[in-house]
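Worksheet: one structure, shown below.
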Amino acid sequence: MKNFKSIRALTALAATTALALGATGCGVTSETSSSDAPESNAPLANLRIMVPNTPGGGYDTTARVGAKVMDEAGLATNPEVFNLAGAGGTVGLARMINEKGNGDLSMLMGLGVVGASYTNDTDAKLTDTTPIAKLIEEPGAIMVSKDSPYKTIDDLVAAWKKDPSKISVGGGSSPGGPDHLLPMQLAQAVGIDPKDVNFVSFDGGGDLLPAILGNKVGFAASGAGEYMQQIEKGSVRVLATSGEERLEGVDAPTLKESDIDLVFSNWRGLVAPPGISEEDKAKWVELITKMHESEQWKEALETNGWTDAFMTGDDFSAFLTEQDERVASVLKTLGLA
């Protein structure tokens, strides 16, 4: 682990990221309107959405829910979702860059890919893609298996403080990503030196889930949405969530309710390859705007515990640039980029 000064830099990153999310808010629209897109009521065909990590993770869940909504709402005919995992999302990112001009392809991504593009030493950056839309944000969750000895967040923190190195923390993102930032901040908030945290990185929630269920990690820090089925069944237990308010459908207090002074949120969005035509960009923006306005998507937000954080066009482009610069600066300070 890096020194304490470096971890404080990580905390600053997440805090400013949360401020950026709060400043943009929900329902923000861009200068690109649906009137710029081709006028047609016919469903779009031959669309593909890449997920840059394993099946079952947050990106995967968001992409598949979105594709289903597009199909059910009559906006697109059977849009294909496929996975191209590796290196924290940067294998998929590199593929996107190489698909220059492909107006039928997009990629579901988020804060984790921003960090991974630096920590995995790749030339591919999200700022090289064509921004389409920011979709959601969600709080993190501190989770354990049903067999865990930790029944409450207080139980976990007490054991963790006794010997931080003996309790491994699993996350579905690379260093610099949301699942890494959350436990680092949590450690600092409860008085643990973050450099002593035993963080284990998994390539997305699909890889992290078996580790939680099999007690391969002491606890996990990730978004609750991708584990809702296991949470509802009781095989995964949420000890606390990191939002300002309780997460609907999850019987767990917030960290603040538990006298832990920490609030943290992640975000996800959609980008297309570089060099696509203005017509194709408008096509994607109009599609995602209509999806966002559909009743099916509103139901999906509630079902998955996602917070609406819609933003398109120039606004989302500026947001991505800001996130990229902030992450790059902090990770360079940490020696991770």
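Nothing fancy with the numbering, it's 1 onward along the sequence. Owing to the predicted nature of the structure, the values given are computational and were not obtained by experimental measurement. Note: hydrogens, waters and symmetry copies are ignored here, and every other heavy atom, side chains too, is used.
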Handout entry: hydrophobic_cluster_shared for Ile132 and Leu44, side chain cutoff 4.5 Å
Key = yes
Handout entry: CG-CG distance between Asp123 and Asp128, expressed to the nearest 0.5 angstrom
Key = 9.0 Å
Problem - Lys/Arg-Asp/Glu bridge criterion (N-O < 4.0 Å) met for Glu293, Lys290 - result: no
Exercise for the section: May I ask you to check whether Phe219 and Trp160 place their ring centers less than 6.0 Å from one another? Expected result: yes
Fill in the blank from the handout: When rounded to the nearest 0.5 Å, the distance separating OG of Ser106 from CD1 of Ile288 is 6.5 Å
Practice task
Take atom CG of Asp147 as the centre, draw a 6.0 Å sphere, and report whether it contains more than 12 heavy atoms from other residues, nucleotides or ligands.
Solution key: yes
Practice task
Please report the shortest heavy-atom distance between Ile97 and Pro274, naming the atom on each side.
Solution key: O-CG, 3.8 Å
Completion exercise
Ser168 and Val200 have their tightest heavy-atom pair at CB-CG2, 4.1 Å
Exercise for the section: Please name the pair of heavy atoms, one in Leu47 and one in Ala76, separated by the smallest distance, quoted to 0.1 Å. Expected result: CD1-CB, 4.2 Å
Problem - Where Ala211 and Phe202 come nearest, the two heavy atoms and their spacing - result: CB-CZ, 3.6 Å
Exercise for the section: Would you mind reporting whether Ile260 and Ile153 have side-chain heavy atoms less than 4.5 Å apart? Expected result: yes
Completion exercise
salt bridge (charged side-chain N to carboxylate O under 4.0 Å, His left out) pairs touching residues 223-237, sequence neighbours excluded, are Glu226-Arg268
Exercise for the section: Give, for atom NZ of Lys298 and atom CD of Gln296, the distance between the pair rounded to the nearest 0.5 Å. Expected result: 10.0 Å
Fill in the blank from the handout: Tightest non-hydrogen contact, residues Pro273 and Leu105, listed as CD-O, 3.1 Å
Problem - Side-chain heavy atoms of Glu257 within contact of Arg246, under 4.5 Å - result: yes
Exercise for the section: Determine, stepwise, if the pair Thr303 / Val65 fulfils side-chain contact (heavy atoms from CB on, under 4.5 Å). Expected result: CA-CA 11 Å; Thr303 299; Val65 168; over 6 Å; no
Handout entry: Lys283 and Asp104 ion-paired at < 4.0 Å
Key = yes
Fill in the blank from the handout: Taken to the nearest 0.5 Å, the spacing of Leu208 CG from Asp179 CG works out to 7.0 Å
Handout entry: Heavy-atom check, side chain of Phe199 versus side chain of Pro183, under 4.5 Å
Key = yes
Handout entry: Result of checking Leu247, Leu255, Val263 against Thr241 for side-chain contact (heavy atoms from CB on, under 4.5 Å)
Key = Leu247
Handout entry: Stacked cation flag Lys125 on Tyr118, 6.0 angstrom / 45 deg
Key = yes
Problem - Modelled atom types, side-chain donor and acceptor of Asn83 and Asn53, under 3.5 Å - result: no
Exercise for the section: Could you check if a side-chain atom of Ile136 sits within less than 4.5 angstrom of a side-chain atom of Thr307, using non-hydrogen atoms only? Expected result: no
Exercise for the section: Could you grab the distance from atom CG of Leu239 to atom CD1 of Ile142, nearest 0.5 Å is fine? Expected result: 8.0 Å
Practice task
For atom CG of Asn215, decide whether the heavy atoms of other residues, nucleotides or ligands shown that lie under 6.0 angstrom number more than 12.
Solution key: yes
Practice task
Quick one: pull up CG in Asp308 and NZ in Lys134 and give me the separation to the nearest 0.5 Å.
Solution key: 10.0 Å
Handout entry: Side chain proximity check, Pro149 to Asp155, heavy atoms < 4.5 angstrom
Key = no
Fill in the blank from the handout: Heavy-atom nearest pair, Ala133 first then Phe310, reads CB-CE1, 4.0 Å
Practice task
Return yes if a side-chain donor-acceptor contact under 3.5 Å exists between Trp267 and Glu138, otherwise no.
Solution key: no
Handout entry: Crowding at NZ, Lys151 (>12 non-hydrogen neighbours, <6.0 Å)
Key = yes
Practice task
Using distance alone, with no hydrogens and no angle criterion, decide if Asp163 and Ser165 have a side-chain donor and acceptor under 3.5 Å apart.
Solution key: yes
Handout entry: Side-chain heavy atoms of Ser145 within contact of Leu213, under 4.5 Å
Key = no
Problem - Beyond-backbone contact of Leu93 with Met107, side-chain heavy atoms, under 4.5 angstrom - result: yes
Problem - Enclosure of Glu245 CD (heavy-atom neighbours >12, cutoff 6.0 Å) - result: no
Practice task
Report yes or no: does Thr122 contribute a side-chain atom to a donor-acceptor pair with the main-chain N or O of Ala124 at less than 3.5 Å?
Solution key: yes
Handout entry: Side chain proximity check, Tyr227 to Val238, heavy atoms < 4.5 angstrom
Key = no
